[in-house]
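First the structure, in the form of structure tokens, and then the observations on it.
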Amino acid sequence: FFYNKIMPRKGKIAEIFSKAIYADNPTLYTVGYLDYDSVKEVTLPEFIKVSENFETIPITRIRFIKKGNRILFHKTKQKVN
């Protein structure tokens with residue numbers, strides 16, 4: 001399954017996705033990802049399908065992950081000086 005694609009990047013996102021898929025209902029999770037100049041929101045199963053298992057949308061473009069109204073992950077923009 002897709003999980004092997006994100007395992008090298010062990011971290012918060014991998015933990016959330018693993019829990020959502022194997023121990024919870026993945027349709028309860030919303031993923032916000034950068035699509036050109038805007039952030040699109042889709043369910044986790046839809047994100048996996050649209051991203052073709054992270055082939056067309058890399059994990060680095062994920063801006064947030066929510067379960068209901070609760071934010072589980074949020075990526076902040078970092079300024080480079």
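For this chain, numbers begin at 1 and follow the sequence in order. Worth knowing before you read on, the calculation uses all heavy atoms, side chains too, and leaves out hydrogens, waters and symmetry mates.
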Problem - Candidate pair Val42 and Thr30, rule side-chain contact (heavy atoms from CB on, under 4.5 Å), full reasoning - result: CA-CA 6 Å; Val42 295; Thr30 304; over 6 Å; no

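- Side-chain N or O atoms of Lys67 include none that pairs as donor or acceptor with a backbone N or O of Ile16 at under 3.5 Å.
- A 4.5 Å side-chain heavy-atom check between Pro26 and Thr43 finds every atom pair outside the cut-off.
- You'll find the side chain of Glu41 reaches within 4.5 Å of the side chain of Phe64, heavy atoms only.
- The shortest heavy-atom contact between Ile21 and Leu44 is CG1-CD2, 4.2 Å.
- Across Lys12 and Leu72, no two heavy atoms sit closer than the pair CE-O, 3.2 Å.
- Put simply, Ile59 and Val39 are part of two different groups of oily side chains (I, L, V, M, F, W, Y) that touch within less than 4.5 Å, one to the next.
- Residues passing the side-chain contact (heavy atoms from CB on, under 4.5 Å) test with Lys49: none are found, sequence neighbours excluded.
- Heavy-atom minimum distance, Phe73 versus Ile62: CE2-O, 4.0 Å.
- Counting only heavy atoms from C-beta outward, the side chains of Glu46 and Val31 never approach each other to under 4.5 Å.
- For Thr56, the side-chain contact (heavy atoms from CB on, under 4.5 Å) partners at least two apart in sequence or on another chain are Ser51, Glu52.
- The closest side-chain heavy-atom distance from Phe17 to Ile48 is not below 4.5 Å.
- The two atoms that bring Asp35 and Lys40 nearest to each other are OD2-CE, 2.9 Å, heavy atoms only.
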Problem - Full working for ring-ring contact (aromatic ring centres under 6.0 Å, His included) between Phe47 and Tyr33 - result: CA-CA 9 Å; Phe47 176 78; Tyr33 66 94; 5.4 Å; yes

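- In this structure, Ile71 stands alone, with no Ile, Leu, Val, Met, Phe, Trp or Tyr side-chain heavy atom under 4.5 Å from its own, directly or through other members.
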